Amino acid sequence: METSVGISSAVLDQVLAAAARSPTMEVCGLLFGDDAFIAAAIPCRNVAADPTHAFEVDPAALLAVHKAMRAGGPRLIGHYHSHPGGLPQPSPRDAAAANGGEYWLIIGGGQARLWRATAVGVWLERFVHVPVHPSAPCAPAPASP
């Protein structure tokens, strides 16, 4: 198990509320901060062919964020998504899409759990659970792309 990571309580509330408002469709967004703290999140459009069972962050949002990072903007450290009616743990589809080192904040059953993708492995072997500890908000969310 990895060392715990802090998360802004506002960010945690934001992603949990977004998932609750969308009980049948996966919601998704991007996480910003560093290896020790998740400071902000922006919601993104889910462009998956079947958003009831999958998520795909809008490529335009990803491009905008990478452009902003090159200009000194907040550091992208991962993303969040929900599993409507499911558990807050990675699915086989998540494992297939994972890139080593990314944080995956997964919401399911009214809970959020943080995972870090590893470079190798299958399904749950591709992820390490990372405990989170909510703290007071410290930064405003980056502008939505």
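As the structure is a prediction and not an experimental result, all values here were calculated from the model.
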To the nearest 0.5 Å, what is the distance between CZ on R116 and NE2 on H129?
13.0 Å
Using atom types as modelled, flag every donor-acceptor pair under 3.5 Å from a side chain in residues 15-26 to any protein atom, sequence neighbours excluded.
| from | atom 1 | to | atom 2 | distance (Å) |
| --- | --- | --- | --- | --- |
| S22 | OG | M25 | O | 2.8 |
| E26 | OE2 | A54 | N | 3.3 |

Side chain of S9, backbone of S135: donor and acceptor closer than 3.5 Å?
yes
Within the structure provided, determine whether F37 and S8 are in side-chain contact (heavy-atom separation under 4.5 Å).
yes
What do the steps show when you test L31 against I7 for side-chain contact (heavy atoms from CB on, under 4.5 Å), and what is the final call?
CA-CA 10 Å; L31 301 172; I7 185 169; 5.8 Å; no
Residues that D94 engages under side-chain hydrogen bond (donor to acceptor under 3.5 Å, both in side chains), provided they are two or more places apart
H81, H83, S91
Does anything in residues 64-73 form a side chain to side chain donor-acceptor pair (under 3.5 Å)? List the pairs, not counting sequence neighbours.
none
A side-chain contact here means heavy atoms from C-beta on lying under 4.5 Å apart; do V57 and V47 qualify?
no
As an exercise, state the distance from CD1 of I107 to OH of Y80, rounded to the nearest 0.5 Å.
7.0 Å
Are any of the side-chain heavy atoms of F55 and R93 separated by less than 4.5 Å?
no
Can you name the side chain to side chain contact (heavy atoms under 4.5 Å, CB included) partners of A117, sequence neighbours left out?
A98, W104, F127
If I compare all heavy atoms of L12 with all of P134, which pair ends up nearest, and what's the gap?
CD2-CG, 3.7 Å
Separation of L105 CG from S82 OG (nearest 0.5 Å):
10.5 Å
Any chance you could measure I77, atom CD1, to I38, atom CD1, to the nearest 0.5 Å?
4.5 Å
Applied to residues 50-64, the salt bridge (charged side-chain N to carboxylate O under 4.0 Å, His left out) test, sequence neighbours excluded, yields R45-D58
Filter on salt bridge (charged side-chain N to carboxylate O under 4.0 Å, His left out), then keep only pairs touching residues 71-89, sequence neighbours left out; what's left?
D35-R75
Interatomic distance, CG@L76 vs CG@L62, rounded to 0.5 Å, equals 7.0 Å
CZ-CD1 distance between R113 and I106, expressed to the nearest 0.5 angstrom
9.5 Å
P51 and N46: which non-hydrogen atoms are nearest, and at how many Å?
CB-ND2, 3.6 Å
How about H79 and Y103: are their ring centroids closer than 6.0 Å?
no
Please walk me through it: do L30 and C44 pass side-chain contact (heavy atoms from CB on, under 4.5 Å)?
CA-CA 7 Å; L30 302 173; C44 296; 3.7 Å; yes
